[in-house]
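Predicted, not measured: the structure shown is a model, and the values here were computed from it. Proteins get letters first, then strands, A, B, ... in listed order; numbering begins at 1 in each. As a basis for the values below, the full set of heavy atoms in this structure was taken, side chains included, without hydrogen atoms, waters or symmetry mates.
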2 protein chains.
Amino acid sequence: MAHIIVVEDEQELARLISSTFQSDGHTTEVFRDGRFALDRIDDRTRPEPDLYILDLGLPRVDGLALCKRIRQDRITPIVMLTAKTSELDKVLGLELGADDYITKPFSLRELQARVSAILRRVEMMSRENLPDTTIDSKVIEQDGLRIDPVGREVHAQSTSISLTAKEFDLLYLLASNPGRVFSRAYLLDTLWGDTYGGFERTVDTHIQRLRRKLAEADNADERIVTLWGVGYRYDKRGSRPA
Amino acid sequence: MAHIIVVEDEQELARLISSTFQSDGHTTEVFRDGRFALDRIDDRTRPEPDLYILDLGLPRVDGLALCKRIRQDRITPIVMLTAKTSELDKVLGLELGADDYITKPFSLRELQARVSAILRRVEMMSRENLPDTTIDSKVIEQDGLRIDPVGREVHAQSTSISLTAKEFDLLYLLASNPGRVFSRAYLLDTLWGDTYGGFERTVDTHIQRLRRKLAEADNADERIVTLWGVGYRYDKRGSRPA
DNA sequence: CCGGGTTGTGACGAAATCGTAAATATTCCC
DNA sequence: GGGAATATTTACGATTTCGTCACAACCCGG
């Protein structure tokens, strides 16, 4: 059973979609305003859903922007809803990377069927062991730290830091979004998988090991900051007041 | 520009689709009978198209069967055309592995847009990711190691190293992308074929044999690095700090 | 049909990593 | 300042992953 985020400003339609999927046993979260949805998307304190359903025309921030934002660093499935066929053409042309597009009006059964198909496909995929599905693999380079996701190497001013798999994933995720807080639950979700039933303190231990290795190589700098009662954050050097 | 096979029994619609894509610069091949289409699909002397457009309801052999047949051994994109929404539900439920589904009646512009989106996505995929898919085989020459893919020979500072087929392929793939990690799953996929069901330990063994031969000839240098829990990586000599 | 070279497999010890718990330290808030 | 909540450190056992080896299956040329 999946968790689905629905962003749709027409109240009645939003309600219908939500209740449809809920009666299928899924859980839903509904937003009727693009700006609020964006906040939710950027909030690394709460877990990533299994699927997004985005309306194209939204108040304040439109569906296109949301879709782009998500695709910047995630491959979470997205279904786009468009009002007119002519609109659909444009959207498809932009190649946003959504997984499916539906033109209003549509039957709920169709939406249901398409969503099921996508979820099933994702489920299949995740079973297999495919080579690195990371969308963007950019080298991160800042204040003397170089993080290369392709070779999975980390260098601090010419000396190499050897990290374990988990340590690297953790660092890369944090450093990809400097200044953004990640809750332990979110980190467990994305790095350990949503089926992981372990302890949240596990994250602490890995953070600690990471901190030590960073400190050893890159003498005395606390890039990884603890947010009490919330989680962890990666700060660029000097971004905090002395 | 792509080659598209259209299977549609309504003559007028088939003509429209065909001419639409032809005027976009694509080439098309039209079948109005499932049986003939199947023959074409099974004919390995003719080139595989870049995309299929299949109608669900067809004489003699229906679109479902064609879709299944294609998916048995191909990942060529497929767009399914269905007559009714109710039909669509069923088809989606079957999870045939088609890439998109459209319900009649539809606008040609929508079909056009969806097909373009798929073709673009495929194009992206084949470019992205994937290590150097360059067919042109270049001699790799670095730090005293010379790897010649044409003669499939390897020399380490004037002494020749004789490798077996698999060993050579492995070395060549790794060395073509220095600094890049390859998971065992990926290596099995590319070097053994995606249908291979064997064990991942096999890769280890080949890596080991390769390492030994390299070490014998090219005295004490560990170019191939193990990344715990991830895979293997080829490093240029001296790319790792002492 | 024989034999050498190549390839895949299973087993096993060694090594690295990982998760947890318990002890200790820090921060928060009244 | 004091107590509760939260985080860090440490240590250790369990688990996972790796390297190696020997052997059997296979392929192919002679």
Side-chain angles (χ1 to χ4, degrees), chain A residues 45 129 152 154 160-174 181-216 220-235 240, chain B residues 152-154 160-174 181-216 220 222-234:
Chain A
T45 291
N129 201 9
R152 301 180 66 89
V154 179
S160 146
I161 306 176
S162 94
L163 300 181
T164 71
K166 278 270 148 53
E167 284 161 11
F168 184 88
D169 292 340
L170 189 52
L171 174 61
Y172 188 68
L173 177 56
L174 291 175
V181 205
F182 291 83
S183 72
R184 291 178 177 73
Y186 185 93
L187 292 172
L188 278 178
D189 225 49
T190 41
L191 262 37
W192 273 261
D194 21 11
T195 56
Y196 182 73
F199 237 180
E200 286 207 347
R201 290 277 147 268
T202 298
V203 178
D204 298 31
T205 302
H206 282 272
I207 287 283
Q208 182 253 36
R209 297 203 254 250
L210 190 49
R211 276 177 173 157
R212 184 192 325 187
K213 287 191 183 176
L214 287 181
E216 272 170 15
D221 183 278
E222 289 292 343
R223 288 189 174 80
I224 299 173
V225 181
T226 307
L227 278 286
W228 263 73
V230 185
Y232 296 99
R233 187 181 66 199
Y234 179 95
D235 277 352
R240 282 169 303 139
Chain B
R152 299 180 68 87
E153 284 181 306
V154 180
S160 149
I161 307 176
S162 91
L163 299 181
T164 71
K166 278 272 146 52
E167 284 161 9
F168 184 88
D169 291 340
L170 189 52
L171 175 61
Y172 189 68
L173 176 57
L174 291 175
V181 203
F182 291 85
S183 72
R184 291 178 176 71
Y186 185 89
L187 292 172
L188 279 177
D189 236 44
T190 16
L191 264 39
W192 275 262
D194 20 10
T195 55
Y196 182 73
F199 271 101
E200 293 203 344
R201 269 314 95 277
T202 299
V203 178
D204 297 30
T205 302
H206 283 271
I207 288 282
Q208 180 241 45
R209 287 169 184 153
L210 191 49
R211 275 177 173 157
R212 183 184 333 183
K213 287 190 183 177
L214 287 181
E216 273 170 15
E222 288 293 342
R223 287 189 175 81
I224 301 174
V225 181
T226 306
L227 284 123
W228 264 77
V230 185
Y232 296 99
R233 186 181 67 202
Y234 180 95

(message) Does dG19(D) have its OP1 or OP2 closer than 4.0 Å to a side-chain nitrogen or oxygen of Thr226(B)?
(response) yes

Atom CZ of Phe199(B) and atom P of dT17(D) are separated, to the nearest Å, by 14 Å

Salt bridge (Lys or Arg N to Asp or Glu O under 4.0 Å), that's the test. Do Glu167(B) and Lys213(B) meet it? Break it down for me. CA-CA 10 Å; Glu167(B) 284 161 9; Lys213(B) 287 190 183 177; 2.9 Å; yes

Atom CG of Leu227(A) and atom P of dT27(C) are separated, to the nearest Å, by 13 Å

When rounded to the nearest 0.5 Å, the distance separating CG of Leu163(B) from CZ of Arg209(B) is 12.5 Å

Taken to the nearest whole Å, CZ/Arg212(B) to P/dC21(D) is 6 Å

Applying side-chain contact (heavy atoms from CB on, under 4.5 Å) to Val230(B) and not counting sequence neighbours gives Arg152(A), Ala165(A), Val181(B), Leu227(B)

Per side-chain hydrogen bond (donor to acceptor under 3.5 Å, both in side chains), Arg184(A) is matched among Asp189(A), Asp204(A), Thr45(A) by Asp204(A)

In whole angstroms, the gap separating C1' of dC18(D) from CD1 of Ile207(B) amounts to 12 Å

Contacts of Arg211(A) meeting side-chain hydrogen bond (donor to acceptor under 3.5 Å, both in side chains) (sequence neighbours excluded), chain-then-number -> Thr226(A)

Residue set satisfying side-chain contact (heavy atoms from CB on, under 4.5 Å) with Leu191(A), at least two apart, ordered chain then number -> Asp169(A), Leu170(A), Leu173(A)

Any side-chain N or O of Tyr232(A) below 4.0 angstrom from OP1/OP2 of dT6(D)?
no

Lys166(B) meets the side-chain hydrogen bond (donor to acceptor under 3.5 Å, both in side chains) criterion, sequence neighbours left out, with none

Does dG19(C) have its OP1 or OP2 closer than 4.0 Å to a side-chain nitrogen or oxygen of Arg201(A)? no

Handout entry: Intermediate values then yes/no, side-chain contact (heavy atoms from CB on, under 4.5 Å), Phe182(A) and Thr190(A)
Key = CA-CA 11 Å; Phe182(A) 291 83; Thr190(A) 41; over 6 Å; no

When rounded to whole Å, the CG to P distance for the pair Asp204(B) and dG19(D) reads 6 Å

Taken to the nearest whole Å, CD/Gln208(A) to P/dA25(C) is 15 Å

Practice task
Would you please classify the geometry between the Tyr172(A) ring and the Phe168(A) ring as parallel, tilted or perpendicular, with 30° and 60° separating the classes?
Solution key: parallel

Axis-to-axis angle across the helix from dC1(C)-dG30(D) to dC30(C)-dG1(D), five pairs each end, nearest 10 degrees, ~ 30°

Atom CD of Glu200(A) and atom C1' of dA21(C) are separated, to the nearest Å, by 16 Å

Does dC18(D) have OP1 or OP2 under 4.0 Å away from a side-chain N or O of Arg184(B)? yes

Enumerate all atom pairs, one protein N or O and one N or O from nucleotides 15-18 of chain C, separated by less than 3.5 Å.
residue	atom	partner	partner atom	Å
dC18(C)	OP1	Lys166(A)	N	3.4
dC18(C)	OP2	Thr164(A)	OG1	2.6

